[in-house]
Amino acid sequence: MASSDKENERKTLMPDLTTTYLGLSLKNPVVASASPLSRKLDTVRRLEDAGASAIVMYSLFEEQITHESHELHHFLERGSHSFAESLSYFPELEDYRLEPERYLEHLRRVKQAVDIPVIGSLNGVSPGGWVEYARAIEQVGADALELNIYAVPTDINVSAAELESVYVELVREVRARVKLPIALKLSPFFTSLPNIARRFVEAGANGLVLFNRFYQPDFDLEELEVVPNLELSTSHELRLPLRWIAILYGRINADFALTSGVHTAQDVLKAIMAGANVSMMASTLLHNGTGRIMHLLNDLQEWMEVHEYGSITQMRGSMSQGAISDPAAFERANYMKALNSFDQYVR
Ligand SMILES: Cc1cc2nc3c(=O)[nH]c(=O)nc-3n(C[C@H](O)[C@H](O)[C@H](O)COP(=O)(O)O)c2cc1C
């Protein structure tokens, strides 16, 4: 067989890596998660060159917005088509280009710099004027919106039910403002994750991003200070989102993105088999550079070829709770078995 024929044959046998997420057609299931990697256009282009199928922007925080709502209102009410244009209409605003405005302008530039979908990100917990920024993110051209909700409740009088209602209301408010698909990035710390997931979807979320990873302060014992600390993840952290996507897949009518602990092609495969539409990566890209995506995609393709999987779609959900022969493997029943397996270590 001539070498070009061989090459053609290999191409026809190549597994189909395409997937869909939030109504977007993506060339593969590897998405760059929200991180400082989206802060520079050069890095954003490198993410695309390395093969990322979409990019989630770093978040604009509620705290960065609230005092800016007045200017935003002005901008939206005048109905200008882009924020950059609005700045030229209102030169006085140019002097006050604070973080939210810079964010929108940067997002617009990121959109122009790459062909892959770009997902804007808002991070906040309370309903209020700042959610207008969802509309501004839509107006500057984002393909979807990721809403990251997470509070650290310290008030002993506020119940889980009260907090959950606030979160659901927030999703409803954002939904009312945009036509964009919305994905909700959640914490794993809900007493009944399936219930709140269902309510979020009923309130208008099209996708769930499981899970956010948190800044967990440490103590400096010599200085007796609380030290801000954000460690990068390892693949071990994959198991928490893996289990929950496997449980929710088929029960909740939403797309799933798995984030936390995706470092290798195996991690991506597990995410898809649990039921995720896409897997998202931050830590490994910060640690190993954007080129990591290219290696990972090669490994992914090779694994699928060797194991004779034709497509990502074919694999999706194949290891979800509804699909496996022992659904209890995801539940409490297996806990005791796992504990007993450590008996051999007791001397
Ligand atoms: C330095 C850093 C900055 C991050 N910034 C954001 C952010 O702005 N918004 C957000 O939703 N998540 C943010 N994340 C969380 C990541 O998007 C991701 O969900 C999390 O790190 C878990 O994925 P990983 O295991 O691949 O790191 C950040 C993570 C890191 C390490």
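Numbering of residues begins at 1 and proceeds along the displayed sequence. Counting starts at 1 for both ligands and their atoms, following the listed order. Keep in mind it's a predicted model, so treat the numbers as computed, not measured.
Side-chain rings of Y58 and Y103 approach one another, their centers coming within less than 6.0 Å.
Relative to atom 17 (O) of ligand 1, the option among A32, S260, P36, A34 with the closest non-hydrogen atom is A34.
For atom 9 (N) of ligand 1, the closest heavy atom belonging to the protein is S59 OG, 2.6 Å. Counting only heavy atoms of the protein, atom 11 (O) of ligand 1 lies nearest to N148 ND2, 2.7 Å. If you check which protein heavy atom lies closest to atom 23 (O) of ligand 1, you get T259 OG1, 3.1 Å.
In this structure, S59 contributes its side chain and F61 its backbone to no donor-acceptor pair below 3.5 Å. Remark: side-chain polar atoms of E138 are paired, donor with acceptor, to backbone N or O of L180 under 3.5 angstrom. Here the side chain of E48 pairs a donor or acceptor atom with the backbone of D115 at under 3.5 angstrom.
In this structure, a donor-acceptor pair under 3.5 Å is absent between the side chains of R316 and S311. A donor-acceptor contact under 3.5 angstrom links the side chains of Q321 and R251, judged on distance only.
Checking only distances, H263 never comes within under 3.5 Å of ligand 1, N or O to N or O. The N/O atoms of Y58, backbone and side chain alike, include none that comes under 3.5 Å of an N/O atom in ligand 1. For ligand 1, one of its N or O atoms has an N or O atom of A282 under 3.5 Å away. Annotation: L232 places no N or O atom under 3.5 Å from an N or O atom of ligand 1; distance criterion only. Taking any N or O of S35, backbone or side chain, none lies under 3.5 Å from an N or O belonging to ligand 1. In terms of polar-atom proximity, defined here as any N/O pair under 3.5 Å, S233 does make such a contact with ligand 1. Among the atoms of N123, none of the N or O lies under 3.5 angstrom from an N or O of ligand 1. Checked by distance only, ligand 1 and S283 come closer than 3.5 Å through their nitrogen or oxygen atoms. The N/O atoms of L286, backbone and side chain alike, include none that comes under 3.5 Å of an N/O atom in ligand 1.
Near M281, the atoms of ligand 1 lying under 4.0 angstrom from a non-hydrogen atom of the residue are 26 (O). Less than 4.0 angstrom separates some heavy atom of K185 from each of these atoms of ligand 1: 10 (C), 11 (O), 12 (N), 15 (C), 16 (C), 17 (O), 18 (C), 19 (O). Distances below 4.0 Å separate heavy atoms of S33 from the following atoms of ligand 1: 16 (C), 17 (O), 18 (C), 19 (O).
In terms of hydrophobic clustering, with Ile, Leu, Val, Met, Phe, Trp and Tyr side chains grouped at heavy-atom distances under 4.5 Å, W303 and L296 are assigned to a common cluster.
Residues K111 and V140 fail the side-chain proximity criterion, which asks for heavy atoms closer than 4.5 Å.
Hydrophobic side-chain contacts under 4.5 Å tie Y21 into a cluster, directly or through other members, with L22, L24, L26, V31, V56, I119, V209, V278, M280.
Residue contacts with ligand 1: L230 is included, with a non-hydrogen atom under 4.0 Å away. Under the 4.0 angstrom criterion for non-hydrogen atoms, E237 is not in contact with ligand 1.
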CA sep, side-chain torsions, deciding dist, call: E162, S159, side chain to side chain donor-acceptor pair (under 3.5 Å)
CA-CA 5 Å; E162 283 171 90; S159 71; 3.2 Å; yes

Going by atom type alone, with no hydrogens or angles, which donor-acceptor pairs under 3.5 Å involve a side-chain atom of residues 281-291 and a protein atom two or more places apart or on another chain?
residue	atom	partner	partner atom	Å
S283	OG	S233	N	2.9
S283	OG	S233	OG	3.3
T284	OG1	N288	ND2	2.8
N288	ND2	T284	O	3.4

